[in-house]
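This report refers to the structure that appears directly beneath it.
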2 protein chains.
Amino acid sequence: MSDSITVDENGKLKCSIEYTLGKIGGKWKPVILWHLAYDGTQRYNEMRRLLPGITHKMLSQQLKELEVDGLIDRKQFNEVPPRVEYSISEKGLTLKPLLEEMHRWGTEQWGGE
Amino acid sequence: MSDSITVDENGKLKCSIEYTLGKIGGKWKPVILWHLAYDGTQRYNEMRRLLPGITHKMLSQQLKELEVDGLIDRKQFNEVPPRVEYSISEKGLTLKPLLEEMHRWGTEQWGGE
DNA sequence: CAGGATCCGCGATGATACTG
DNA sequence: CAGTATCATCGCGGATCCTG
């Protein structure tokens, strides 16, 4: 059973795995989604604490992309001081099995080498 | 339920999801593993055909890393011309649920936006 | 055929300063 | 507090040539 391959608007070949990688690939997104899915709603600075090593720029950039892709929700309160809460979206919840598999495999293999 | 966080030898924080990303993260590895897992054993040049757009360097590099990590097997035949066959390993097979989830999610979401 | 070695550009990422 | 803007850097990945 091979994957179905198609061609995108730029002539680049894509398969559904590449599509998934495009949405949640990279160093931070799976971890961000994991925290929001299993630790629940978080404020911006709380996210920073959950992701040691991430920079301001990366965090806001990744959050923005995830929001644009509809995988997380952003709720802004117009208070002083400002407050913004991030949470997993309905669509983001469909990633739970994938995130769980990533977590399970990592936990299982860790140290087994 | 939060992920357990530990510290690696360099002082960098890692969780099991980051561990997984370290092993199969990146642009090519999941797709390579997918083909070997579902299309079966492939020769080097067959892999190239299955991965349109990948360069020589990237393919051999990724294959080498996957082999070192024990996720794929490399079988070399000392013939002329040379022949090398790559296949998914026992350990690599444990990634099947993860690969299937990546494939399933990508297929499901594709076009749904 | 199956790769290794080398050079190099650019996008991803980081550091820092600034703002509503 | 929750970002944005700007500049610097670093290494991923591509192009090319070479080899057993």
Side-chain angles (χ1 to χ4, degrees), chain A residues 8 10-14 17-18 21-32 35-36 39-69 72-87, chain B residues 8 10-14 17-18 21-33 35-36 39-69 71-87:
Chain A
D8 72 9
N10 299 321
K12 282 194 63 177
L13 292 164
K14 296 194 81 174
I17 288 192
E18 290 177 80
L21 288 174
K23 292 302 181 185
I24 64 160
K27 190 177 177 179
W28 299 109
K29 284 179 182 175
V31 187
I32 291 175
H35 281 300
L36 291 179
D39 295 334
T41 299
Q42 305 287 334
R43 299 179 58 172
Y44 182 82
N45 274 348
E46 290 174 330
M47 290 300 304
R48 292 197 73 187
R49 258 168 264 125
L50 290 174
L51 301 167
I54 198 170
T55 61
H56 238 359
K57 180 181 175 184
M58 278 300 103
L59 180 55
S60 57
Q61 186 177 104
Q62 304 297 303
L63 286 172
K64 169 70 79 177
E65 291 178 11
L66 288 171
E67 187 198 351
V68 167
D69 286 334
I72 66 175
D73 289 324
R74 179 180 186 277
K75 193 170 182 181
Q76 177 169 350
F77 302 83
N78 290 320
E79 309 170 345
V80 181
R83 183 156 64 107
V84 178
E85 289 183 351
Y86 292 94
S87 55
Chain B
D8 73 9
N10 298 322
K12 284 194 64 177
L13 292 164
K14 294 194 79 173
I17 288 192
E18 290 178 81
L21 289 174
K23 293 302 181 185
I24 63 159
K27 188 178 177 181
W28 300 109
K29 285 180 182 174
V31 188
I32 290 174
L33 290 165
H35 281 299
L36 291 179
D39 295 334
T41 300
Q42 305 287 335
R43 298 180 57 172
Y44 183 81
N45 274 348
E46 290 174 331
M47 290 300 304
R48 293 197 73 185
R49 257 168 267 126
L50 290 174
L51 302 167
I54 198 170
T55 61
H56 237 357
K57 180 185 175 182
M58 278 299 103
L59 180 55
S60 56
Q61 188 178 102
Q62 304 297 303
L63 286 172
K64 167 71 79 177
E65 291 177 12
L66 289 171
E67 187 198 351
V68 167
D69 285 334
L71 299 176
I72 66 176
D73 290 324
R74 180 180 185 276
K75 192 170 183 181
Q76 178 169 349
F77 300 84
N78 289 320
E79 309 169 345
V80 181
R83 183 157 64 105
V84 177
E85 288 183 353
Y86 292 94
S87 55

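Fair warning: this is a prediction, and the values are worked out from it, not measured in the lab. Each chain gets a letter, A, B and so on, in the order the sequences are listed, and its residues count up from 1.
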Open item on the list: Between C1' on C:dG3 and CZ on B:F77, what's the gap in Å once rounded to a whole number?
Closed with: 17 Å
Open item on the list: Taking the nucleotide of DNA chain D with the nearest heavy atom to each, does B:Q61 or B:H56 sit closer to the 5' end?
Closed with: B:Q61
Task: Gap between atoms NZ and P, on A:K27 and C:dT13 respectively (whole Å) - done: 8 Å
Task: Spacing of A:L63 atom CG and A:K29 atom NZ [to the nearest 0.5 Å] - done: 10.0 Å
TODO: Figure out the CE/P separation between A:M58 and D:dG3, and round it to whole Å.
DONE: 15 Å
Task: Of the listed nucleotides D:dA2, C:dA2, D:dC7, the one nearest the side chain of A:V84 - done: D:dA2
- [ ] Using five base pairs at each end, measure the axis-to-axis angle across the helix from C:dC1-D:dG20 to C:dG20-D:dC1 and round it to 10 degrees.
- [x] 50°
- [ ] Flag the pair B:L59 / B:I32 as yes when at least one side-chain heavy-atom distance between them is below 4.5 Å, and no otherwise.
- [x] yes
Open item on the list: Applying a 4.0 Å non-hydrogen cut-off, can you work out what A:R74 is touching in the nucleic acid: base, sugar-phosphate, or nothing?
Closed with: sugar-phosphate
Open item on the list: What I'd like to find out is whether the side chain of B:M58 reaches to under 4.5 Å of the side chain of B:L51, using heavy atoms alone.
Closed with: no
- [ ] Take A:K57 and A:P81, find for each the nucleotide of DNA chain D with the closest heavy atom, and name the residue whose nucleotide sits nearer the 5' end.
- [x] A:P81
Task: Any A:R43 side-chain nitrogen or oxygen under 4.0 Å from OP1 or OP2 of D:dA2 - done: yes
Task: Comparing A:W28 and B:E46 on DNA chain C - which has the more 5′ nearest nucleotide - done: B:E46
Open item on the list: It should be established whether B:S60 places a side-chain nitrogen or oxygen under 4.0 Å from OP1 or OP2 of nucleotide C:dG3.
Closed with: no
Open item on the list: Quick one: does any side-chain atom of A:Q62 pair with a main-chain N or O of A:S60 as donor and acceptor, under 3.5 Å?
Closed with: no
TODO: Please examine the side chains of A:L21 and B:K27, heavy atoms only from C-beta on, and report whether any two atoms are closer than 4.5 Å.
DONE: no
Task: Spacing of A:E85 atom CD relative to D:dG3 atom P, expressed in whole Å - done: 11 Å
- [ ] Counting heavy atoms from C-beta on, name the nucleotide in D:dG20, D:dA15, C:dG4 closest to the side chain of B:K64.
- [x] C:dG4
Task: Passing candidate, side-chain contact (heavy atoms from CB on, under 4.5 Å) with A:V84, options A:R43, A:R74, A:M47 - done: A:R74
Task: Sugar-phosphate only, base, or nothing, as touched by A:Y86 at under 4.0 Å among non-hydrogen atoms - done: sugar-phosphate
